[in-house]
J.: 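First, the structure itself, so that you have it in front of you.
Lettering of chains follows the sequences in order, A, B, ..., and the numbering in each one begins at 1. Side-chain atoms are counted along with the backbone in the values below, which use heavy atoms only and exclude waters and symmetry mates.
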Amino acid sequence: MECNVAERKVVDAKNTFCPGPLMELIGQMKMAEVGDELEILSTDQGSANDIPEWINKVGHEMIDSFEKEGVWHIVVKKAK
Amino acid sequence: MRILVVGGGMGGTILANNLARRLSGELKSGKASITMLSASEKHMYQPGLLYVAVGKMTPDELYRDQVSLLESSITFRVDPVTKFNLKENNVVTESGKQYDYDIIVISTGSRTFAEGTPGLAENALQFYTEADAVNMYKRLQHFDGGKVVVAVGVPHKCPMAPLEITFMLADYFRERGIWDKVQMHYTYPIGRVHSLEPVAQWAQPEFDRLGITYETLFNMKEVTENKVISEEGTEAEYDLLVTVPSHKGMQVIEDSDLGAGGFIPTNRTRLNIEGYENAFVIGDTTNLPISKAGSTAHFEAEALAENIASTIKIGTPVRDYDGKVFCFIEAGEGKATYAMFNYQNPPNPKAPTKGIHWFKTAYNKMYWASARGLL
Ligand SMILES: Cc1cc2nc3c(=O)[nH]c(=O)nc-3n(C[C@H](O)[C@H](O)[C@H](O)COP(=O)(O)OP(=O)(O)OC[C@H]3O[C@@H](n4cnc5c(N)ncnc54)[C@H](O)[C@@H]3O)c2cc1C
């Protein structure tokens with residue numbers, strides 16, 4: 001897997017409730033180019049479930065998802 | 001010390017007034033000056049647009065002269081900035097003037113970007129500007145029934161507006177006696193009916209009770225004459241479409257390369273622009289992942305004014321912005337509630353009451369005291 005970490009944009013949505021991590025990701029994805037990778041950081045368990053569901057529904061590519069010290073990291077590649 | 005405030009809306013006004021009081025001695029002695037540059041001589045109470053859209057207020061009630069809201073020690077100019085030169089500590093304005101500063105605060109707000117969604121501007125009603133809200137009300141008056149769809153773009157200011165307009169429209173149709181001829185359908189970008197979980201938990205059964213249908217994970221991709229097509233591959237047919245389009249910051253922010261989409265990378269507690277010690281940003285123009293709301297701009301302005309004043313007086317800031325946001329939520333049927341939260345504490349809204357609705361109605365008038373810094 002090719003993974004250019006230097007070009008990955010990190011969206012820090014830790015400890016934020018409104019608009020929340022998924023809405024933040026949706027907004028950032030709009031501004032991204034096809035092929036860009038975004039890593040969203042979230043402390044909200046709910047969005048850890050919501051985000052993969054949305055990525056799947058829209059058809060973007062889920063690259064990675066893991067929890068580290070209470071923070072969810074979800075990495076997604078803009079596919080279209 | 002020359003302080004330049006760009007933007008005479010909610011954030012800029014509260015910040016400038018607060019700072020003028022804290023620095024009254026320095027302003028009198030000439031050690032400091034505060035100049036505000038704005039794009040309008042008028043100040044609009046934007047939350048009032050919701051009421052204009054359903055015929056409960058008229059636009060003239062939403063405006064005051066900006067000068068009347070400012071401390072007299074503040075120099076006010078209507079001369080919009082056309083270029084920010086942060087490295088050179090100056091801005092250039094529409095009139096061609098250059099303003100040099102020692103400290104700058106940017107609070108130029110955000111705007112709807114209907115052009116980002118094909119077909120939206122031609123087919124959908126909006127209520128985020130005076131002209132759009134008046135137009136929406138006129139269209140509503142001639143609507144006698146059918147399917148009403150509410151759709152929401154990302155990002156948008158005022159996270160409560162999509163829910164509020166839905167409940168207010170339900171009230172409006174009931175008052176006109178056509179509720180039985182209307183089918184309302186609410187759509188929302190994420191997996192529940194509101195970004196705040198407790199608000200979603202309260203609103204969803206309200207929708208069920210009122211017979212309002214809903215679809216979540218629905219992001220507008222395109223609007224045609226009779227349907228909205230979502231990024232997720234679904235469609236919602238409508239007879240009347242009410243939208244909150246996605247937003248951008250002001251064009252000048254993008255033109256000055258300060259941030260993608262017109263939103264400026266901002267430190268979440270100190271509110272300085274990343275990479276600059278003397279340039280700050282508050283309100284809708286930050287890229288912070290928090291609500292774009294007047295209350296956010298208000299609390300940021302208070303924290304920043306205290307820090308700028310203390311930096312001038314003792315050489316160091318004294319407090320962090322804690323992420324505080326407070327939003328009223330109009331719930332229809334003469335009731336309202338509110339949500340308050342910060343970076344550490346999630347919101348815990350209570351059941352809507354008539355008392356909170358009355359308080360919100362009073363706040364619509366008290367706003368001006370708040371902008372002057374008296375509340
Ligand atoms: C329909 C609606 C309902 C809302 N309801 C609520 C609510 O209930 N509660 C709540 O908290 N918030 C609400 N809001 C949101 C709230 O109004 C905004 O979040 C708030 O005004 C943001 O403050 P600001 O200072 O960032 O920007 P604004 O108040 O929008 O001010 C921006 C200022 O910048 C000036 N400007 C623009 N371009 C330039 C330039 N190039 N140079 C100089 N000046 C410039 C403008 O003239 C203006 O004075 C609502 C908004 C809308 C539209």
J.: Does P19(A) reach the side chain of P159(B), with side-chain heavy atoms less than 4.5 Å apart?
T.: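 No, every pair of side-chain atoms sits at 4.5 Å or beyond.
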J.: Side chains of P347(B) and F17(A): does their closest heavy-atom pair fall under 4.5 Å?
T.: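 Heavy-atom side-chain distance check passes, below 4.5 Å.
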J.: With rounding to the nearest 0.5 Å, note down the distance linking CD1 in I26(A) to OG in S246(B).
T.: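 If we round to the nearest 0.5 Å, I26(A):CD1 and S246(B):OG are 11.5 Å apart.
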J.: With a 4.5 angstrom heavy-atom cut-off, which part of M31(A) approaches chain B: side chain, backbone, both or neither?
T.: side chain
J.: Please look at F341(B) and chain A and tell me whether the side chain, the backbone, both or neither of the residue comes under 4.5 angstrom of a heavy atom of that chain.
T.: side chain
J.: With a 4.5 Å heavy-atom cut-off, do R268(B) and D12(A) have their side chains touching?
T.: yes
J.: So do the side chains of T16(A) and L288(B) get within less than 4.5 Å of each other, counting heavy atoms only?
T.: no
J.: Could you walk me through whether D50(A) and L217(B) satisfy the side chain to side chain contact (heavy atoms under 4.5 Å, CB included) test, starting with their C-alpha distance in whole Å, then the side-chain angles of each, then the deciding distance to 0.1 Å, before giving a yes or no?
T.: CA-CA 9 Å; D50(A) 266 12; L217(B) 290 178; 5.7 Å; no
J.: Output the distance between atom CD (E197(B)) and atom SG (C18(A)), rounded to the nearest 0.5 Å.
T.: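 If we round to the nearest 0.5 Å, E197(B):CD and C18(A):SG are 12.5 Å apart.
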J.: Rounded to the nearest 0.5 Å, what's the gap from CD1 on I290(B) to CD on E24(A)? Could you check?
T.: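 Taking CD1 in I290(B) and CD in E24(A), the distance rounds to 10.0 Å.
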J.: Checking F218(B) against chain A: side chain, backbone, both or neither under 4.5 Å from a heavy atom?
T.: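 F218(B) has no heavy atom closer than 4.5 Å to chain A.
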J.: Between M23(A) and P155(B), is any pair of side-chain heavy atoms under 4.5 Å apart?
T.: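 Sidechains of P155(B) and M23(A): no contact.
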J.: At a heavy-atom separation under 4.5 Å, does H247(B) approach chain A through its side chain, its backbone, both, or neither?
T.: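 For H247(B), neither part sits under 4.5 Å from chain A.
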J.: Tell me, side chain or backbone of K57(A) under 4.5 Å from chain B's heavy atoms, or both, or neither?
T.: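 For K57(A), backbone and side chain are both near chain B.
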J.: State, with a plain yes or no, whether a side-chain heavy atom of N219(B) is found less than 4.5 Å away from one of W54(A).
T.: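 Touching, per the 4.5 Å side-chain cut-off.
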J.: Counting only heavy atoms not in K221(B), do more than 12 fall under 6.0 Å of its NZ?
T.: no
J.: For K360(B), does the NZ atom have more than 12 heavy-atom neighbours from other residues, nucleotides or ligands under 6.0 Å away?
T.: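 Check passes, neighbour count above 12.
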J.: Just wondering, more than 12 heavy atoms not from Y343(B) lying within 6.0 Å of its OH?
T.: yes
J.: Kindly compute the distance separating CD (E53(A)) from CD (E232(B)), expressed to the nearest 0.5 Å.
T.: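 The CD atom of E53(A) sits 10.0 Å away from the CD atom of E232(B).
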J.: Which bit of T216(B) is near chain A, if near means a heavy-atom gap under 4.5 Å: side chain, backbone, both or neither?
T.: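 When you check distances to chain A, only backbone atoms of T216(B) fall under 4.5 Å.
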J.: Surrounding CZ of F359(B) (heavy atoms of other residues, nucleotides or ligands, distance under 6.0 Å), is the total greater than 12?
T.: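 Atom CZ in F359(B) is not packed in, count stays at 12 or less.
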